[in-house]
Amino acid sequence: MSNKALLYSNTPPSKIQEKRFVEFLEKKYGESYSIIWKQTDLSEGSFRLKVGSEVYDWSNEGRLLQLKDALHKLKFKEDNIIPLLKDAMEKWNPDAVAYEEGRVITVGDGIATVSGLDNVCYGEILVFSSGIRGMAQELRPNEIGCMLFGDDSEIVEGSIVRRTGKVAGIGVGDEYLGRVVNALGKAIDGKGKIYYEEYRSLENPAPGIIDRQSVDTPLETGILAIDSMFPIGRGQRELIIGDRQTGKSAIAIDTVLNQKGKDVICIYVTIGQKASSVAQLVQNFRNHGAMDYTVVVNASASDPAPLQYIAPYAGCALGEYFMEKGKDVLIVYDDLSKHAIAYRSLSLLLERAPGREAYPGDVFYLHSRLLERSAHLNEKRGGGSMTALPIVETQAGDVSAYIPTNIISITDGQIFLESDLFFAGQRPAVNVGLSVSRVGGDAQTKAMKKAAGAIRLDLAQYREMEVFTQFASDLDEATKRQLTYGQGLMQMLKQDQYKPYKQYEQVIILIVVLSHTLQDVPEDQVKDVILELLALFEESHFDITTRLEDTGILLDEDKEEIIKIAKKYLQERG
Ligand code: ATP
Ligand code: MG
């Protein structure tokens with residue numbers, strides 16, 4: 001018994017044509033075939049041959065598609081398009097290439113199930129007849145589940161789906177700097193097409209141990225509460241965690257602003273946020289001149305869940321491109337709770353088994369394979385780094401929920417923000433007891449380490465004493481002084497948004513406050529005095545500030561000098 005192949009054309013093939021098709025198939029597969037003809041609307045002289053799920057296309061329509069593909073792959077800029085086109089036309093040799101084709105069984109909610117694509121790979125891009133692309137996700141014996149990167153209303157039951165043989169990826173290149181793109185790398189800021197240099201798959205293996213070196217350079221956030229107590233190093237992953245509206249994004253945004261002039265490329269990935277907040281964010285970056293070194297990757301709440309799901313991987317692929325060129329990169333994922341929720345809804349639609357909190361079983365792997373890609377590469381690999389600041393939202397401060405515990409265990413520490421502190425006016429609302437940075441200490445400058453000294457211990461003592469003395473009426477003088485000193489510390493840690501401190505400014509503040517110099521300043525004036533002192537140092541003590549900034553070392557005589565200047569200023573201030 002011979003195998004069967006389906007031949008589609010407008011009019012039946014002649015005997016000679018049929019014979020040629022049979023010969024073609026026998027040569028290709030080494031088995032005998034018989035042809036069954038089916039009528040379809042194709043242009044005159046066009047044929048399409050279907051063997052199992054493979055299709056050989058001799059139609060004009062198919063050739064046009066091939067030409068379109070070839071033109072799509074051209075990397076052109078305005079000035080070289082004509083020679084490139086000429087070259088492509090000359091080289092173009094339409095041939096019957098085989099591709100695999102399947103059909104849509106069901107479609108809805110951004111998910112399509114497709115049958116007939118027997119050899120499809122996990123994560124492969126599929127093209128639907130309407131031109132919409134999707135990614136193969138759930139591979140089952142007779143059908144696959146596919147998430148769609150566009151409007152599913154044009155896809156109907158029975159639509160044709162083609163394999164592309166390519167895994168999902170985005171174009172990457174230097175031209176992305178200063179731009180706002182969607183999760184597929186397409187510009188959404190109305191500033192025209194972005195020409196990319198290479199195509200990178202969304203998922204890439206994380207650099208191995210051998211490729212890495214230890215974290216040794218600080219990534220300065222400009223936020224005193226973080227740089228002094230929970231320093232972050234380039235290549236580290238530090239989680240920002242807290243309830244809604246506790247200033248999580250504010251910390252990430254200030255960190256991006258603070259990278260100005262520091263030769264760090266920033267990638268801000270927004271997931272599931274309102275389009276208006278993202279527009280606000282971009283405007284903020286523009287106003288502060290931060291867009292020059294920043295890319296915003298946005299999958300807003302109104303985008304389909306598949307785009308929200310791939311957005312962080314797209315941002316990460318872009319970051320890797322810069323990191324591998326030896327650059328230092330900072331990437332913010334704002335936020336991964338919404339990312340997990342998008343993935344949960346996709347998984348449920350793909351009919352995967354729900355696990356804890358209805359998340360699918362692989363939700364941990366989802367985030368670990370993303371965050372593991374942050375690294376500090378060794379010199380052989382170019383010495384670049386990618387620092388990740390993932391953000392996670394908690395419900396009523398519950399850090400033991402599923403997604404927070406997952407991400408806490410993947411990252412190298414967390415900045416825990418507390419609503420009580422936030423509402424009490426302590427902003428940024430960093431909870432000193434629950435926050436930690438596991439590797440950044442090695443990256444702190446010597447000056448900072450020396451200046452920050454025992455600040456965490458002092459704060460812990462203050463908190464303990466505050467609780468202890470809450471209901472006590474008469475306190476002895478020493479306890480009172482301890483309390484006012486503690487209150488001064490808390491005031492020192494208050495910092496306005498968009499006002500990052502320079503390193504030397506942080507060192508000066510720490511020296512002045514930790515030496516109890518501001519002991520007698522009323523609590524509500526501490527912040528003002530600090531700002532006045534900083535202005536004084538900037539105006540008239542250039543030698544100390546430049547020495548601190550350039551060397552990163554704090555000399556004992558400089559320390560004494562700083563305290564002396566502060567004391568003198570306070571005396572004059574009265
Ligand atoms: P969401 O959960 O909505 O994402 P969030 O935790 O990211 O919120 P933000 O949007 O960063 O919080 O901040 C909430 C509000 O608090 C904003 O209006 C912001 O301007 C304000 N805010 C944040 N940090 C500070 C600060 N240090 N000083 C004053 N106001 C601040
Ligand atoms: Mg936010």
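Both counts, for ligands and for their atoms, begin at 1 and track the order of listing.
Near T246, the atoms of ligand 1 lying under 4.0 angstrom from a non-hydrogen atom of the residue are 5 (P), 6 (O), 12 (O). Near S249, meaning under 4.0 Å from one of its heavy atoms, ligand 1 places the atoms 4 (O), 5 (P), 7 (O), 11 (O).
Of the listed residues (S277, A225, A250, A252), the one carrying the non-hydrogen atom nearest atom 11 (O) of ligand 1 is A250. Looking at K248, R244, K499, Q273 and measuring to atom 5 (P) of ligand 1, the nearest heavy atom belongs to K248. Proximity annotation for atom 26 (C) of ligand 1: of E393, R427, K494, Q280, R427 comes nearest, heavy atoms only. For atom 20 (O) of ligand 1, the nearest non-hydrogen atom from the set Q245, Q495, Q497 belongs to Q497.
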Legend entry - Worked verdict on H288 versus Y498 for ring-ring contact (aromatic ring centres under 6.0 Å, His included): CA-CA 9 Å; H288 290 90; Y498 315 128; 5.2 Å; yes
Legend entry - R237/E372 under salt bridge (charged side-chain N to carboxylate O under 4.0 Å, His left out): CA gap, chis, key distance, verdict: CA-CA 9 Å; R237 303 152 301 173; E372 283 299 330; 3.2 Å; yes
Inset, instruction - Take D558 and R547, measure what salt bridge (charged side-chain N to carboxylate O under 4.0 Å, His left out) needs, and give me the verdict at the end. - result: CA-CA 9 Å; D558 277 347; R547 194 156 44 238; 2.8 Å; yes
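Under the 4.0 Å distance rule, the nearest protein heavy atom to atom 17 (C) of ligand 1 falls outside the cut-off.
Using modelled atom types and a 3.5 Å distance limit, the side chains of T221 and D227 yield a donor-acceptor pair. No donor-acceptor contact under 3.5 angstrom links the side chains of Y293 and Q259, judged on distance only.
The environment of CZ in R463 is crowded: more than 12 heavy-atom neighbours from other residues, nucleotides or ligands sit within 6.0 Å.
Assignment of G242 to the shell around ligand 1 is not supported, since no heavy atom sits closer than 4.0 Å.
Residues forming a salt bridge (charged side-chain N to carboxylate O under 4.0 Å, His left out) with E539 (at least two apart in sequence, or on another chain): none. In this structure, F422 has no ring-ring contact (aromatic ring centres under 6.0 Å, His included) partners at least two apart in sequence or on a different chain. The side-chain contact (heavy atoms from CB on, under 4.5 Å) check on K499 picks up D496, with sequence neighbours excluded.
Under the 30°/60° scheme for interplanar angles, the aromatic rings of Y309 and Y313 are found to stand perpendicular. Between Y485 and H516, the ring planes are parallel. Angles under 30° get that label, and only those over 60° would be called perpendicular.
Protein N/O/S atoms nearer than 2.8 Å to the Mg ion (ligand 2) total 1.
In terms of polar-atom proximity, defined here as any N/O pair under 3.5 Å, G247 does make such a contact with ligand 1. Looking at ligand 1, you won't find any N or O of D496 less than 3.5 Å from one of its N or O atoms.
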